[in-house]
Amino acid sequence: MNNFIIKKINKDINNGLSIKKIKFRFPPEPNGYLHIGHIKAIYINFKLAEIYKAKINLRFDDTNPYNEHINFVKEIKNNIKWLGFRWSKITYTSDYFNILYKWAKKLIKKKKAYIEYNKNNKIYNLYNIKENLYHFKQMKDGKYKENSYVLRAKIDINSPNYHLRNPIMYRIIKKKHYRTKNKWCIFPTYDWAHGQSDYIEKITHSLCSIEFQNHNKLYNWFLKYIYNKKYNNILPKQIEFSRLNIYDTITSKRHLNILIKKKIIKKLDDPRLSTISSFKKKGYNPKYIINFIKNIGYSKRYNKISINKLELEIKKKIIKTSPKVMVLFNPIKIIINNFPKKLIEWIYIKKNKNFKKQIIPFTREIYIEKNDFKEKYDKNFFRLSSYNYVRLKYSYIIKAYKIIKKKKKIIKIFCNFFKKKKKIKSTIQWISKKYKKKIKILDYNYIFFKKKKIYNKKSIKIIKAYIDLTINNLKLKKIYQFHRIGFFYLFKKNKFKKIIYMKKKY
RNA sequence: AGACUUGUUGUGUAAUGGUAGCACAUCAGAUUUUGGUUCUGAUAGUUAAGGUUCGAAUCCUUACAAGUCUACCA
């Protein structure tokens with residue numbers, strides 16, 4: 001790994017920062033599920049901790065009781081473990097409410113913070129230290145209503161950077177916090193809490209995504225006034241990297257929550273989403289996701305990536321490990337005329353990944369996939385027709401000679417089989433008529449918003465399909481390769497979830 | 001509109017001021033009982049203009065483009 005973040009850290013080391021003091025943190029707010037964008041942040045933080053043999057805190061940034069919940073804390077912990085990362089310590093911003101309150105009073109005394117209040121829709125500021133301290137205490141003690149009083153930092157009301165225009169440090173929220181319960185009714189804002197929490201935890205490099213770059217000056221401004229050499233002599237640095245954007249995929253908690261609110265999806269582990277929980281449920285291996293993140297790298301440039309890249313990554317790996325079975329989505333009947341009527345020929349398949357005892361029956365009447373037959377001559381079509389020889393997987397070569405139609409629809413095709421024939425361009429899957437079994441496949445696409453915030457409605461469907469007799473030997477929670485179709489995860493008896501289709505359609 | 005940040009083949013990402021490389025995609029060929037996989041090869045790039053320098057993707061200036069912010073969210 002080589003990127004601008006490592007260079008910055010190495011530069012700090014060259015300038016005298018002890019390697020032993022380097023420390024990182026990953027700070028999600030427990031207000032939703034982590035998605036693929038978060039994996040980018042998780043990977044860089046945990047990987048850097050590994051490289052520098054540094055500590056890394058998992059910090060729950062819980063400064064707004066409105067959307068936060070203990071269940072999200074649990075899910076986030078599970079997600080990070082599932083990805084294969086281990087934190088040094090779990091911390092909560094809410095554990096620092098006391099010290100943040102103390103530091104806020106310090107800022108008031110330094111005339112760097114003041115109370116703003118709203119009376120009869122007019123806004124007033126207080127500049128007297130004693131008055132400020134008094135009202136700040138009243139705010140804390142629950143004497144005022146929400147939206148009536150706030151504590152602001154006194155920086156520069158005319159700054160061209162909006163974040164420096166006397167930003168809010170505390171607001172009143174009269175809602176039960178999942179950890180501090182009703183103890184606090186004033187809550188620090190992100191800007192006031194974040195850098196200070198980094199300083200408390202002795203974080204040296206605070207990595208975040210690019211949208212916080214405008215906060216960088218404010219981050220440093222606060223630290224300047226709370227800095228205490230005896231408490232901690234190293235100031236943390238905020239480093240921003242570009243966020244991950246993926247075509248036709250939702251990568252923002254806000255949009256995910258809209259889907260829940262509008263009842264478009266029921267849960268945040270819906271297979272159409274790119275949350276870590278959905279990846280887990282779909283049978284993805286976390287290694288492949290990490291590999292994808294590794295490959296896209298880190299920079300400050302705006303980037304937009306195709307989700308295809310993740311899927312190709314997965315395909316190349318699982319093709320080596322997933323056993324093959326034959327499945328038909330749209331079967332069409334084939335009668336092999338020169339094959340004995342009552343004969344059942346049992347085919348033993350010896351080598352098929354980790355599959356044991358794979359035996360399939362071949363009979364006179366079989367089914368193949370509808371798209372694998374073409375009535376008219378086409379020089380670019382290599383599968384079954386009256387003009388082509390085609391091989392049935394694990395079995396004989398066949399060629400069509402008669403097509404039976406009913407109301408212009410093909411209902412069956414008569415073929416002859418051949419035992420030996422040289423160059424065959426294509427091999428197709430099939431299932432014996434008497435031995436086909438029904439399965440259901442959950443097929444889906446990533447859900448995304450089109451223009452005007454309309455989502456793609458046809459993002460999920462159930463396909464009824466047929467599988468050969470090997471279904472009896474399949475193991476739950478494993479990925480199988482449907483011959484020439486794609487890769488599917490067996491999540492319940494006779495029920496599969498799509499992982500990825502073979503790419504080319506022909 | 002302003003402030004901040006960023007501009008490297010189609011996409012993503014490298015290159016102490018010193019040979020512009022890598023991965024994926026695309027195209028071609030080989031292998032193949034999956035039109036898949038694998039293997040080999042090819043195509044293609046420093047946003048523009050000026051400056052500093054023996055030498056600039058890298059430093060400076062200007063223009064242009066993109067992204068972020070302008071919440072009592074994080």
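Per chain, numbering begins at 1; letters A, B, ... match sequence-line order. What you see is a predicted model, and the numbers here were worked out from it, not measured in a lab.
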Can you find a side chain N or O atom of [X] that sits less than 4.0 Å from OP1 or OP2 on [N]?
X: A:Thr63; N: B:A74; answer: yes
X: A:Lys315; N: B:G36; answer: no
X: A:Ser306; N: B:U11; answer: no
X: A:Asn245; N: B:G67; answer: no
X: A:Arg383; N: B:U33; answer: no
X: A:Arg484; N: B:G35; answer: yes

Using the [atom1] atoms only, state how far [M] lies from [N], rounded to an integer number of Å.
N: B:C64; M: B:U26; atom1: P; answer: 37 Å
N: B:C39; M: B:A25; atom1: P; answer: 11 Å
N: B:A42; M: B:A15; atom1: C1'; answer: 24 Å
N: B:G55; M: B:U70; atom1: C1'; answer: 44 Å
N: B:G17; M: B:A57; atom1: C1'; answer: 11 Å
N: B:U6; M: B:G10; atom1: P; answer: 23 Å
N: B:A30; M: B:U11; atom1: P; answer: 31 Å
N: B:C22; M: B:G45; atom1: P; answer: 15 Å

Without decimals, in angstroms, what is the distance between [X] [atom1] and [N] [atom2]?
X: A:Leu164; N: B:U70; atom1: CG; atom2: C1'; value: 12 Å
X: A:Gln429; N: B:U34; atom1: CD; atom2: P; value: 12 Å
X: A:Asn295; N: B:C22; atom1: CG; atom2: C1'; value: 11 Å
X: A:Arg165; N: B:C72; atom1: CZ; atom2: C1'; value: 18 Å
X: A:Lys309; N: B:G12; atom1: NZ; atom2: P; value: 8 Å
X: A:Lys300; N: B:U68; atom1: NZ; atom2: C1'; value: 12 Å
X: A:Trp192; N: B:C73; atom1: CH2; atom2: C1'; value: 19 Å
X: A:Ile397; N: B:U33; atom1: CD1; atom2: P; value: 11 Å

Q.
Is the ring pair A:Tyr396/A:Phe339 parallel, tilted or perpendicular, if the boundaries are 30 and 60 degrees?
A.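 Tilted.
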Q: If the plane angle is over 60° it's perpendicular, under 30° parallel, otherwise tilted; pick one for A:His38 and A:Phe26.
A: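 Taking A:Phe26 first and then A:His38, their aromatic rings stand perpendicular (interplane angle over 60°).
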Q.
Between B:U34 and A:His483, is there a base-stacking contact, meaning the centre of the base's six-membered ring lies under 5.5 Å from the residue's ring centre while the planes stay under 30° apart?
A.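 Stack criterion met.
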Q) So, A:Tyr162 and B:A3: ring centres less than 5.5 Å apart, planes less than 30° off, yes or no? A)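 No; by the centre-distance and plane-angle rule, A:Tyr162 does not count as stacking on B:A3.
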Q.
Using a strict threshold of under 4.0 Å (side-chain N to carboxylate O), is an ion pair present between A:Arg59 and A:Glu201?
A.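 Yes, A:Glu201 and A:Arg59 are salt-bridged.
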Q: Using Watson-Crick or G-U wobble pairs with both distances under 3.5 Å, give me RNA chain B in dot-bracket, 5' to 3', with [ ] for crossers and | for pairs to another strand.
A: (((((((..((((....[..)))).(((((.......)))))....(((((..]....))))))))))))....
Q. Considering only heavy atoms and no angle criterion, is a donor-acceptor pair shorter than 3.5 Å present between the side chain of A:His215 and the base of B:A74?
A.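 Between B:A74 and A:His215, which were checked side chain against base, a qualifying N/O pair under 3.5 Å is present.
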Q.
For the CZ atom of A:Phe279 and the NE2 atom of A:His35, what is their distance to the nearest 0.5 Å?
A.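 Result: 10.5 Å between the selected atoms.
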Q | Set of ring-ring contact (aromatic ring centres under 6.0 Å, His included) partners for A:Phe60, sequence neighbours left out | A |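 Only A:Tyr92 meet the ring-ring contact (aromatic ring centres under 6.0 Å, His included) criterion with A:Phe60.
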Q. Under 3.5 Å, is there a donor-acceptor pair linking the side chains of A:Ser242 and A:Asn303?
A.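 Looking only at side-chain atoms, A:Asn303 and A:Ser242 do form a donor-acceptor pair, the distance falling under 3.5 Å.
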(Q) Any donor-acceptor pair under 3.5 Å linking the side-chain atoms of A:Asn214 with those of A:Tyr162? (A)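 Per modelled atom types, A:Tyr162 and A:Asn214 side chains form no pair under 3.5 Å.
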Q. For the side-chain contact (heavy atoms from CB on, under 4.5 Å) test, which of A:His215, A:Arg243, A:Glu240, A:His194 pairs with A:Cys208?
A.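 The passing option is A:Glu240.
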Q. Minimum heavy-atom separation for A:Ser159 to A:Leu164, with atom names?
A.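 For A:Ser159 and A:Leu164, the tightest heavy-atom pair comes out as OG-CB, 3.6 Å.
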